[in-house]
Structure formats: C-alpha cells, structure tokens
Q: 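Structure in structure tokens, see below.
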Amino acid sequence: MNRILIAEDEFRIASFLEKGLRANGFTTVVAPDAPEALAMAQSNDFDLLILDLGLPGKDGLQVLEELRGQGEQLPIIILTARDDISDKVAGLEGGADDYMTKPFRFEELLARVRLQLRKSHLPKGKEETVLMVGNVMLDLRTRRVRVNGELVELSAREFTLTEILLRHRGQVMSREQLLNHVWGYDYDPGSNIVDVYIGYLRKKLGGKLIETVRGMGYRFQA
Ligand code: CA
C-alpha cells in the first residue's frame, strides 16, 4: 500500500516529489493535468493523491469535488502555493485530508503522507516505530535518540538526517539526496550544510558510524 499519485504540472516539483518518495519506498506516478489526475485517481491503482490546485484543465479544488462527489475515498493531500485561508478552508471542507503550502520541506510532506496512509489502510505494525542499528536507537514517535542506552540531544534536522542515513544503512547517500530529504528542494546544491551536519552527528553519535565515501557521499555502517 504505497502507491502515490502526484497531480502536479510543474516539472521541477513533480520530479522532486518522485525522487524523494521513491527513495522512501513508494511507487509514484505523475499526472500533469486535471483530466489525467481525475482518470488516474479513479483507477483504484493508488493509495494516496498529492494534489496541486493550479492544474491545467481544471482547478484542483474541482478535481477534489468531483472525486469526493463520486464517493472516492482515496486520501488526498493538497500541496499548493495558495496560502489563502479561504482556499485552505475550501480544500478541507471539500474533503481533502490535509493541506500543505509551497514552499515545503520534503521531510514534513513525507510525515504527512505516512500519517494519512496509516490512518487509511496501512495494516497495523507495518510502519516501523523504532529503528535500531548497532548501538544507536531512534524512536520515531518520540523523536528521541539513544546511543548505548544514553539519551542524546539532537535538533530536528539532525534527527531527520540520522533517520535517513539509518533507513538506508549500508548504502551510500549522496549530498544531493540528503539535501533534498532534509533541507528541501529550494536549498542551494553548492552548500556544505550536509557536511557540517554530518560533523555534528559524528560528535554526538560517535565518530565511526558515518563513513565518508569519497566523491560520492556518506554511508551509515550497517
Ligand atoms: Ca501548478
């Protein structure tokens, strides 16, 4: 139960969403306009719809209205640049399950997607609540980290970075992937912020856990 339909006409945002969601184990399809979004959302091939409002062909609110009018139960998260409260109210009253405004951070969207899938039809117990690798334990519900049983204070960013590295333990994660996941698509790709944060994590979690793979990125020891 992890197929996500992305109704989005802006290529850059659509591909950013696809990349991030796929890296987290989801299957994605992009519908670049309203008619396609409608047809695909009715196909029963998806578990969740991320819906832009400014779509070619029809307004996203109309897409929402038609889907709910037909009794379509698919969880829908509106993702839009419109931050007007009246749009938000219209979206939620029109049957959207959640409403997020652009610019957005991928980590937040991912959390909301997971929440909706849990609420709808993801079987209980499917979602991990604790990640353990070696002597590091991440509690995803309380967002607390323990190393050798000792609580370690991490900022929200440090926690998310640790979570992503742990989820992909044993794999090399590029700086770009980490930037996209933790800082969002509008972050300067030339920034060294990833390296700076890896430095913080090494200090807090222990120096040997995160390996530098030259020219490629970072890898959390499996
Ligand atoms: Ca749009």
Side-chain angles (χ1 to χ4, degrees), residues 1-121 160 164 174 176-191:
M1 294 305 217
N2 56 6
R3 299 155 302 179
I4 299 185
L5 176 61
I6 302 165
E8 175 62 69
D9 60 322
E10 215 175 303
F11 176 76
R12 194 173 69 108
I13 294 177
S15 72
F16 169 72
L17 286 170
E18 282 212 287
K19 241 204 252 174
L21 290 168
R22 287 180 177 186
N24 282 280
F26 294 95
T27 305
T28 56
V29 173
V30 173
D33 59 39
E36 257 193 76
L38 267 171
M40 287 187 190
Q42 290 159 347
S43 68
N44 281 331
D45 285 342
F46 297 95
D47 303 306
L48 185 137
L49 166 63
I50 296 174
L51 178 64
D52 178 31
L53 293 185
L55 282 174
K58 233 174 234 177
D59 192 87
L61 286 174
Q62 241 177 300
V63 171
L64 175 70
E65 194 185 313
E66 284 183 37
L67 287 173
R68 291 304 188 227
Q70 292 153 1
E72 181 56 62
Q73 307 265 309
L74 187 70
I76 298 175
I77 299 177
I78 292 176
L79 180 61
T80 177
R82 292 187 210 159
D83 56 2
D84 200 287
I85 191 73
S86 64
D87 280 315
K88 192 166 184 174
V89 169
L92 294 171
E93 286 192 340
D97 298 278
D98 204 347
Y99 193 105
M100 259 189 94
T101 50
K102 298 168 186 166
F104 61 100
R105 284 217 202 109
F106 184 76
E107 58 189 291
E108 188 184 349
L109 178 81
L110 183 64
R112 292 182 187 220
V113 164
R114 288 197 169 126
L115 178 69
Q116 290 309 324
L117 289 173
R118 262 205 302 273
K119 270 198 205 164
S120 60
H121 40 227
T160 307
I164 282 150
S174 70
E176 193 200 2
Q177 281 175 311
L178 295 171
L179 252 186
N180 273 345
H181 272 80
V182 183
W183 284 271
Y185 64 96
D186 52 1
Y187 217 90
D188 173 14
S191 157

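Just so it is clear, the structure is predicted and the values come from calculations on it, not from any experiment. Atoms within a ligand are numbered from 1 in the order they appear, just like the ligands themselves.
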Q: Could you check if a side-chain atom of Leu17 sits within less than 4.5 angstrom of a side-chain atom of Phe104, using non-hydrogen atoms only?
A: yes
Q: Show all protein N/O/S atoms under 3.0 Å from the Ca ion (ligand 1), or state that there are none.
A: Asp9 OD1, Asp52 OD2, Gly54 O
Q: Going by heavy atoms in the side chains, are Tyr99 and Asp87 under 4.5 Å from each other?
A: yes
Q: Less than 4.0 Å between a side-chain N and a carboxylate O, is that true for Asp98 and Arg114?
A: no
Q: Any heavy-atom pair between the side chains of Leu109 and Ile50 that's under 4.5 Å?
A: yes
Q: Step by step, work out the salt bridge (Lys or Arg N to Asp or Glu O under 4.0 Å) result for Asp9 and Lys58.
A: CA-CA 12 Å; Asp9 60 322; Lys58 233 174 234 177; over 6 Å; no
Q: Evaluate the salt bridge (Lys or Arg N to Asp or Glu O under 4.0 Å) criterion for residues Glu8 and Lys102: first the C-alpha distance (whole Å), next the side-chain angles of each, then the deciding distance (0.1 Å), finally the verdict.
A: CA-CA 12 Å; Glu8 175 62 69; Lys102 298 168 186 166; 2.8 Å; yes
